[in-house]
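Notes follow the structure.
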There are 4 protein chains.
Amino acid sequence: MPRTKIQNEQIRVQKRMQIINSALELFAQKGYHTTTIADIAKHAGIAKGLMYSYFTSKEELLHSILIEGYELITEKFDPNHDGILEPQEMLLFINDLFDKLNNDRDYWRLYFSVTLQPGVIDDYFRKEMIKKYKPLFDMIIKYFEAKGVDDPYLEMVFAHSLIDGVFINFLYDKDYPLDKIKQLVIKRLV
Amino acid sequence: MPRTKIQNEQIRVQKRMQIINSALELFAQKGYHTTTIADIAKHAGIAKGLMYSYFTSKEELLHSILIEGYELITEKFDPNHDGILEPQEMLLFINDLFDKLNNDRDYWRLYFSVTLQPGVIDDYFRKEMIKKYKPLFDMIIKYFEAKGVDDPYLEMVFAHSLIDGVFINFLYDKDYPLDKIKQLVIKRLV
Amino acid sequence: MPRTKIQNEQIRVQKRMQIINSALELFAQKGYHTTTIADIAKHAGIAKGLMYSYFTSKEELLHSILIEGYELITEKFDPNHDGILEPQEMLLFINDLFDKLNNDRDYWRLYFSVTLQPGVIDDYFRKEMIKKYKPLFDMIIKYFEAKGVDDPYLEMVFAHSLIDGVFINFLYDKDYPLDKIKQLVIKRLV
Amino acid sequence: MPRTKIQNEQIRVQKRMQIINSALELFAQKGYHTTTIADIAKHAGIAKGLMYSYFTSKEELLHSILIEGYELITEKFDPNHDGILEPQEMLLFINDLFDKLNNDRDYWRLYFSVTLQPGVIDDYFRKEMIKKYKPLFDMIIKYFEAKGVDDPYLEMVFAHSLIDGVFINFLYDKDYPLDKIKQLVIKRLV
DNA sequence: CATGAATGAGGATTCATTCAT
DNA sequence: CATGAATGAATCCTCATTCAT
């Protein structure tokens with residue numbers, strides 16, 4: 001008797017996650033180029049070939065991790081869904097962001113390592129990622145508008161840069177004083 | 001007539017620079033892993049084998065670029081050499097930094113791409129780099145002390161993070177409003 | 001209610017044909033090596049594993065196609081079954097042959113592609129095929145004997161070669177003037 | 001002291017030939033798909049990687065063999081270079097052709113195996129080969145014109161088909177009566 | 001010192017075949 | 001009987017590095 005469609009679906013969903021998680025961990029720890037498909041398969045407890053039944057290539061695996069990771073991470077932002085951030089929400093937003101940074105360290109390591117490194121993701125994909133982040137940035141611009149900042153766009157760029165900088169320094173320094181820095185960030189931005 | 005020792009020395013120094021410059025450019029543009037020794041040799045106009053008479057490996061080549069680049073870039077900092085930055089000097093320092101960022105884009109691209117990417121430089125080397133940057137950071141801490149900031153170390157970390165964030169965003173976005181952002185940075189730090 | 005034995009048998013025979021037809025089409029169009037079991041299963045609308053309940057391997061599938069195809073094609077030859085071809089019958093035979101060529105293009109493509117290609121069918125099988133064709137050739141030799149040709153065997157080899165040459169050229173050239181060439185063949189052979 | 005350019009050139013020309021010859025032999029004997037790069041390298045006495053310094057891929061290696069083989073084989077045709085074949089020359093031409101068939105058995109085996117097999121050479125290349133053979137066919141058409149044949153084009157197609165058929169049958173049957181068949185071919189065509 | 005031919009370990013990917021369900 | 005997930009050997013190709021000249 002063959003497995004039912006539902007059983008197969010479950011297997012696939014679950015194994016897909018195994019692969020993604022293993023790959024994320026290894027990519028983040030060892031780097032994309034330095035991690036081999038064999039590494040990932042071993043870590044995920046599957047045969048090398050099976051990866052190719054879930055992803056067409058190592059590259060697509062990376063892309064899937066990046067995109068789906070982004071979706072997982074952002075799905076809880078802007079609870080009102082009105083696209084407008086109240087100062088209260090901005091605070092929550094930043095707290096949330098810093099929480100996620102802490103919890104999804106591997107994702108963010110991979111994210112920065114890969115976006116700042118030429119020759120890993122192509123331009124098309126880079127633009128796709130930027131497009132995905134666009135609404136977030138727009139929301140923040142509106143927030144600064146509402147706050148009455150001189151040049152809201154510039155302020156957003158500043159905020160974005162600041163947060164990126166905090167992130168990358170935190171990711172590679174286990175003694176980074178994240179909480180205290182967060183207070184400085186909040187003071188500067190909210 | 002054989003070349004004199006001095007001539008030979010000059011040739012070596014010059015050819016070494018050719019290799020370093022070619023490698024820097026290619027590493028920055030195509031990424032470290034994606035750039036081959038053949039690429040570099042071709043770009044530098046030398047034979048592949050010759051590279052190995054200047055550097056023992058691709059890895060050592062990268063390390064040399066990183067270290068010597070750092071030295072080139074910082075040799076003009078802190079003109080008084082007293083280790084203390086006056087506010088005036090801090091301004092100059094930041095201006096200088098942003099100038100260098102603009103002029104040595106390739107270096108910084110490589111620097112960030114490589115530091116944030118695991119599996120390229122080993123931990124020993126990472127620590128060496130940090131050690132090299134240490135005096136700079138100390139100077140900045142002292143500056144904030146002199147300025148009477150609450151927590152000078154924290155402020156330095158904040159400054160460092162902010163500047164890193166500005167840098168990486170500038171490096172990958174040709175429309176980045178660097179000058180305007182610089183003003184915001186100065187306002188916040190000086 | 002379980003299926004009766006006869007129903008099962010019918011299903012098996014029919015599904016077997018589905019597989020053979022799909023494989024024939026794909027082998028002929030894409031080549032034996034380039035066609036995967038997955039391709040065939042998909043085209044036949046069955047699961048990959050099922051193929052192995054009808055054929056022990058990809059190779060055996062190919063052999064079955066070749067042999068059964070031959071039988072299908074030749075079962076109508078020599079209607080008198082006396083092994084002697086009258087000139088009238090020779091004409092019919094050639095006409096028949098050319099008709100079959102037109103109708104079973106896929107089979108012939110596969111046949112030639114596979115016979116002329118080393119490393120696909122083993123020598124044992126090659127000889128089996130030749131053995132199968134033997135009676136046909138003998139019949140033709142007898143025909144030339146009866147016709148009073150000098151060297152009937154040689155004439156058969158000539159005929160065989162000529163027809164093979166016509167076939168392969170026709171199979172790969174959609175503008176091949178098959179009918180006109182057939183007349184030349186008849187003029188030369190009958 | 002590095003090798004001189006000329007030395008290198010010699011090495012490359014010679015080694016290229018080694019590779020081509022090994023590949024031709026193996027492709028012809030074992031088939032294109034069944035022959036691995038490792039096989040070829042071993043047979044040619046070189047490391048696997050070296051092949052890729054001479055040919056960009058297995059496919060390009062095959063193409064080179066096919067094209068250069070054709071050139072080697074045809075370079076002596078039509079000695080007058082006037083594009084017109086006298087009956088005397090037609091005789092020589094056919095004799096020549098049959099000689100070549102005998103001497104370059106591997107080439108012809110490969111040629112037929114590969115042209116009649118889908119999925120090995122792409123359509124672009126197939127057309128290139130046909131284009132290369134075009135002048136030959138034109139010459140033969142002119143010959144039949146001069147001879148006063150009814151439909152010279154058709155006669156050329158017939159000749160071409162006949163010769164192809166003779167070739168493939170000879171190539172796979174060591175008892176093929178090539179010389180006697182040649183006489184029949186000459187009788188029919190000249 | 002300089003060259004580039006040569007090496008071969010290593011890595012991504014494919015696919016016939018097996019087997020648990 | 002039927003499914004398709006899983007396996008892993010096999011294959012093409014790359015590239016840092018070596019070395020004869």
Would you mind reading off the distance between [X] atom [atom1] and [N] atom [atom2], rounded to a whole angstrom?
X	N	atom1	atom2	answer
L50(C)	dA16(E)	CG	P	16 Å
I19(B)	dT3(E)	CD1	C1'	13 Å
L61(D)	dC12(F)	CG	C1'	13 Å
R16(A)	dG4(F)	CZ	C1'	18 Å
D39(A)	dG10(E)	CG	C1'	12 Å
Q14(A)	dA6(F)	CD	C1'	14 Å
E60(B)	dT17(F)	CD	P	11 Å
I6(D)	dT21(F)	CD1	C1'	15 Å

Does a side-chain N or O from K58(A) land closer than 4.0 Å to OP1 or OP2 of dA12(E), or not?
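Answer yes for this pair, as a side-chain N or O of K58(A) is under 4.0 Å from OP1 or OP2.
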
Does a side-chain N or O of K5(A) approach OP1 or OP2 of dG4(F) to a distance below 4.0 Å, or not?
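Answer no for this pair, as no side-chain N or O of K5(A) is under 4.0 Å from OP1 or OP2.
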
Identify whether any heavy atom of [X] sits under 4.0 Å from a base atom; if not, whether one sits that close to sugar-phosphate; answer base, sugar-phosphate or nothing.
X	answer
S53(D)	nothing
I37(D)	sugar-phosphate
S57(A)	sugar-phosphate
T35(D)	sugar-phosphate
K42(B)	nothing

Residue whose closest nucleotide on DNA chain F lies nearer the 5' end, T36(B) versus E59(D):
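So the residue in question is E59(D).
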
Taking the nucleotide of DNA chain F with the closest heavy atom to each, which residue, A38(B) or I11(A), is nearer the 5' end?
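Residue closer to the 5' terminus by nearest nucleotide: I11(A).
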
Is it true that the NZ or CZ of K58(C) lies under 6.0 Å from the centre of F27(C)'s six-membered ring and within 45 degrees of the ring axis?
no

Identify the two heavy atoms, one from M129(D) and one from Y107(D), that lie closest to each other, and give their separation to 0.1 Å.
CE-OH, 4.1 Å

Nucleotide nearest [X] when distance is taken to its side chain, options [options]:
X	options	result
K48(A)	dC1(E), dA9(F), dA6(E)	dA9(F)
Y52(A)	dT18(F), dA12(E), dT21(F)	dA12(E)
R12(D)	dT3(F), dA5(E), dA2(E)	dA5(E)
Y54(A)	dT7(E), dC13(F), dA5(F)	dA5(F)

Both T56(C) and H33(A) contact DNA chain E. Which one's nearest nucleotide lies toward the 5' end?
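Its nucleotide being nearer the 5' end, the pick is H33(A).
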
On DNA chain E, does the nearest nucleotide to I46(D) precede the nearest nucleotide to M51(A) from the 5' side, or the other way round? Give the residue.
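The 5'-side residue here is I46(D).
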
Among I20(A), N21(A), L26(A), exactly one meets side-chain contact (heavy atoms from CB on, under 4.5 Å) together with I40(A). Which residue is that?
L26(A)

Is it true that D106(A) and R109(A) make a salt bridge, defined as a side-chain N closer than 4.0 Å to a carboxylate O?
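Salt bridge: no.
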
In this structure, CG of L110(B) is separated from CD of Q29(B) (nearest 0.5 Å) by 11.5 Å

Tell me which nucleotide, if any, is Watson-Crick or G-U wobble paired with dA12(E) when both distances must be under 3.5 Å.
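Per the H-bond distance test, dT11(F).
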
Which base, if any, makes a Watson-Crick or G-U wobble pair with dT21(F), both distances under 3.5 Å?
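Partner of dT21(F): dA2(E).
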
Decide if atom NZ of K30(A) counts as having more than 12 heavy atoms of other residues, nucleotides or ligands within a radius under 6.0 Å.
yes

